[in-house]
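So the structure is just underneath, and the comments pick up after that.
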Amino acid sequence: MTAPLTHSPEVADALAAGRPVVALESTIITHGMPWPQNLDMARRVEGTVRDNGAVPATIAVMGGQIHVGLTDEALETLAQTPPGQAMKLSRADLAVCLANGRTGATTVAATMICAHLAGIRVFATGGIGGVHRGAESSFDISADLQELAQTPVTVVAAGAKAILDLPKTWEVLETLGVPVIAYGQDDLPAFWSRSSGIRAPLRMDSAAEIAAAAGMRARLGLKGGQLVANPIPPDAEIPRDQIMPVIEQALSEAEAQGIAAKEVTPFLLQRIFELTDGRSLRSNIDLVLNNARLAARIAIAMTR
Ligand code: PSU
């Protein structure tokens, strides 16, 4: 019995020939950004991976199959699917969605699982999920963290989303034995801002070093992936003193409205988009493109 994987012809050819492939997720399309910017972002990210010498493989669940690489038509259909109609898939619900033939968008955790099944070792996204503020009473901790600890995929993100409790998120990753590597600077980035004010446990300055570290983990038999925390480009960042009050406001509104579980992150991203007149979305798109560029270079280095 094999996993129900359907590769696009482009991805199938690239994997068969050992060419570099970068996995991309779909929750960012259905639950992370509004229509039509989500479709524009998804197309531009794929284009950026191609321009940098790798093949993009956007992953989503449709009709009982894990699709690895989407046609432009499928990408558009997914981008127009309201959040309520697409499941937001993680490790816990991936199999149920497939067995029931429903449409599902893959989060970081589910995309890592699918990428690994398909033989893809690098994945680019915006920001991983993590420990939510107030987790000491809500216990809301993203399954993305556990997945990084067990599935061997290198994830390129602009850190964890700044709506989270970042110090606790880094602590949990350390406990789980996940290498957290800041790219090109000493501090961990904070999604919309270049710095979180927290020093990174590890720093690397080249794609080749990151690829070599992934290869060494495999040789050591260490399970799990790596998180590459790539700071947003300087011209796209929203400085911390500007974004923090906005995040605080969105968080208190979420609390007042009783938003919980899988709805928290999409609610906060949407409110922050409104409160910044769209600036947070433009930054989010720029950081995803920046992550796609680095992921392509890591994928190329891994094939050498
Ligand atoms: N990156 C973005 N926007 C997003 C996400 C990542 O720029 O919406 C998605 C990813 O799929 C990630 C999810 O796994 O947000 C985290 O959701 P939660 O906090 O509910 O675990």
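Whatever order the structure lists them in is the order used to number ligands and atoms, beginning at 1.
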Residue pairs involving residues 293-304 (criterion side chain to side chain donor-acceptor pair (under 3.5 Å); sequence neighbours excluded): Tyr183-Arg297
Restricting to side-chain hydrogen bond (donor to acceptor under 3.5 Å, both in side chains), what partner residues turn up for Glu237, sequence neighbours left out? none
Show me the donor-acceptor pairs, under 3.5 Å and distance only, between side chains in residues 190-198 and residues at least two apart or in other chains.
| residue | atom | partner | partner atom | Å |
| --- | --- | --- | --- | --- |
| Trp192 | NE1 | Ser280 | O | 3.2 |
| Ser193 | OG | Ile238 | O | 2.8 |
| Arg194 | NH1 | Ile232 | O | 2.7 |
| Ser195 | OG | Asp187 | OD2 | 2.8 |
| Ser195 | OG | Gly197 | N | 2.9 |
| Ser196 | OG | Leu188 | O | 2.8 |
| Ser196 | OG | Ile198 | N | 3.2 |

Could you please provide the protein residues found below 4.0 Å of ligand 1 on a heavy-atom basis, arranged by chain and number? Glu25, Thr27, Ile28, Gly32, Lys88, Thr107, Val108, Thr125, Gly126, Gly127, Gly129, His132, Ser142, Asp144, Lys161, Phe191, Thr265, Leu269, Asn284
Is there a side-chain hydrogen bond (donor to acceptor under 3.5 Å, both in side chains) between Thr111 and Glu25? Walk through the geometry before answering. CA-CA 6 Å; Thr111 307; Glu25 62 149 302; 5.1 Å; no
Hydrogens and angles aside, do Gln242 and Arg279 bring a side-chain donor and acceptor to less than 3.5 Å of each other? yes
Within a strict 4.5 Å, meaning less than it, do heavy atoms of the Glu10 and Arg50 side chains meet? yes
